[in-house]
Number of protein chains: 2
Amino acid sequence: MSQRSREIIDEIEGEILAGKISPGVRLPSEEKLCERFGASRTVIREAIQQMRGKGLLRTTKGSGTYISDPSLDSLATVMEAYASLVVEAGFNELIDFRILIETECARMAATNAGESVLKELRAVLDRMEKVKGVRAKFSKADIAFHLAIAKGSGNRIYAGVLGAMERRIIEYAQTNRGDIDWYSGVIEAHREIVDAIALGLPDKAAEAMRRHLVSSKRHFLDLESLGGET
Amino acid sequence: MSQRSREIIDEIEGEILAGKISPGVRLPSEEKLCERFGASRTVIREAIQQMRGKGLLRTTKGSGTYISDPSLDSLATVMEAYASLVVEAGFNELIDFRILIETECARMAATNAGESVLKELRAVLDRMEKVKGVRAKFSKADIAFHLAIAKGSGNRIYAGVLGAMERRIIEYAQTNRGDIDWYSGVIEAHREIVDAIALGLPDKAAEAMRRHLVSSKRHFLDLESLGGET
DNA sequence: ATGGGAAATCTGTATGACAACTTGGGAAAA
DNA sequence: TTTTCCCAAGTTGTCATACAGATTTCCCAT
């Protein structure tokens, strides 16, 4: 497997991560790169496309190709793609991963979250109360809740990684669960978490979050073993 | 920004993650896709290249394009690219992320690790003792140590995510640190972790790992504030 | 039935051309 | 001189065509 584009990718990536080219800087034009690597424009473009897929490059028609600044979006995009593949093979592992990160998010949020985050959390709680029973809307609010906490942690990596998985996990895990008791239970758990964060109690917030997620996981596994498929 | 390839990517990705196409299955040939989307082969290929970059597709010359099975490598590739970009902006956050995951890995390894993992860990310890003082080799062994523990956790996500960051973090963090006391300290900390895992003591293993990493982080930050740059 | 080889299929690369868009600078106007 | 406007050069996006190199399929001769 020769793959001319592979070599080119390796070389350019190498320069990027060696710091020779910094985020925001424009890459030489495709034509220039053709000269430099002695390859056709086709190959150069294939290399660029692949790096774009990774989120390493960003192109603007008419202007040029630029090194991405490390937007969390790019990480999220890729992790989402990955999560969608792994979802069947190792859903358990993915959930455990999520529990680990979110528990830590809650803990950190209790010390770092400002008033604006708390306000957002309370707004989401109200919304969940309002849409109780409507699964699609409830899920959406649920996701918003967890992302808000991740944001409140102050660590952008957590928020990025989590945002990548959240939607898919919740969609997947909440299939076939519609009784009103369950909705109320979720809201109650969320409220407990918010209270702990508001009071600035890291351990309590972490513990509440962990309990909430572990119970979700159990619910999901029960449903699955009963054959709860779409 | 129209971006014909964008639409195609969205559609194909949508089908993949909706489960309409499963890992291992072959995608229709480029020509067929041209017909289906009413686009030129160029556009189809650009879409494919980008998804290849994400690790979503795998192509074999002469045979076809296939949906990747969720190999951890693909995630690692992408996270590595990301880590290289974020490394300047939020190195602290990246390290905290690592500490969180590795602590959990150590905890889980204490209950899940089999004899083979323990054997590997001990072998790595010996090797570190042998190359004490040679920074490049020591770093390599250091990475191997942490990855072995991640593997011993039994959760492939941890191992994948960590493998993606490990090399870059350690390379970056160990710059300018060469005195013999430091090497000994690292080995001592590692030995403590291995012992706890061998005895099957989750909390102790986790605590030892956390102490080790937090101390590394502090060392690194000290060096940095003194102007320790490449 | 089987083995071998040719044909069909498929991805990788090269070339040339044009469209769509951005950018910078120069000409024209104030 | 300063400002405004427009266009020309530069750059990426898309198309069509052709052929090389690898793999797979299938048919024919043994």
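Order of the sequence lines sets the chain letters (A, B, ...), proteins ahead of strands, with each chain counted from 1.
- Contact check for A/Val124 versus A/Met128: side-chain heavy atoms found under the 4.5 Å cut-off.
- Shown here are the side chain to side chain donor-acceptor pair (under 3.5 Å) partners of A/Ser29, two or more places apart in sequence or in another chain: there are none.
- In this structure, the side chain to side chain contact (heavy atoms under 4.5 Å, CB included) partners of A/Val25, at least two apart in sequence or on a different chain, are A/Ile21, A/Ser22.
- Regarding B/Leu27, its CG atom lies at a distance of 12 Å from the P atom of C/dC10, rounded to whole Å.
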Enumerate, atom names and distances included, each donor-acceptor pair closer than 3.5 Å involving a side-chain atom of residues 107-114 of chain A, sequence neighbours excluded.
unit_1: A/Arg107; atom_1: NH1; unit_2: A/Glu104; atom_2: OE1; d: 3.4
unit_1: A/Thr111; atom_1: OG1; unit_2: A/Met108; atom_2: O; d: 3.1
unit_1: A/Asn112; atom_1: ND2; unit_2: A/Ser153; atom_2: O; d: 2.9

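- One can place CG of A/Leu57 at 11 Å from P of D/dG13, the figure rounded to the nearest angstrom.
- A/Ala148 meets the side chain to side chain contact (heavy atoms under 4.5 Å, CB included) test with A/Glu120, A/Leu121; sequence neighbours excluded.
- The separation between A/Arg58 atom CZ and D/dT12 atom C1' is 14 Å, rounded to whole Å.
- Every residue was checked against the side chain to side chain donor-acceptor pair (under 3.5 Å) condition with B/Lys140, not counting sequence neighbours, and none meets it.
- Partners of B/Val214 under the side chain to side chain contact (heavy atoms under 4.5 Å, CB included) rule, at least two apart in sequence or in another chain, are B/Ile99, B/Arg210, B/Arg218.
- Scored by the side chain to side chain donor-acceptor pair (under 3.5 Å) test, B/Ser40 finds no partners at all (sequence neighbours excluded).
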Could I get a table of every N or O pair under 3.5 Å where one atom is in the protein and the other is in nucleotides 9-11 of chain D?
unit_1: D/dG10; atom_1: N2; unit_2: A/Gly62; atom_2: O; d: 2.8
unit_1: D/dT11; atom_1: OP1; unit_2: A/Arg26; atom_2: NH2; d: 3.3

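- Projected onto DNA chain C by closest heavy-atom contact, B/Ile48 and A/Tyr66 fall at different nucleotides, the more 5' of which corresponds to B/Ile48.
- Under the 30°/60° scheme for interplanar angles, the aromatic rings of A/His190 and A/His212 are found to stand perpendicular.
- Under the rule for a side chain to side chain donor-acceptor pair (under 3.5 Å), the partners of B/Asp10 that lie at least two apart in sequence or sit in another chain are B/Arg6.
- Atom CD in A/Gln49 sits about 9 Å away from atom C1' in D/dG13, given to the nearest Å.
- Over its length, the helix from C/dA1-D/dT30 to C/dA30-D/dT1 turns its helix axis by 10°, as judged from the five terminal pairs at each end, rounded to 10°.
- For the OP1/OP2 pair of D/dT12 and a distance below 4.0 Å, the side-chain nitrogens and oxygens of B/Arg4 include no atom meeting the criterion.
- Against DNA chain C, the stretch residues 37-46 of chain A makes heavy-atom approaches under 4.0 Å through A/Ser40, A/Arg41, A/Thr42, A/Val43.
- Counting only residues at least two apart or in different chains, salt bridge (charged side-chain N to carboxylate O under 4.0 Å, His left out) contacts with residues 18-43 of chain B comprise B/Glu11-B/Arg36, B/Glu15-B/Arg36, B/Glu30-B/Arg41, B/Glu30-B/Arg45.
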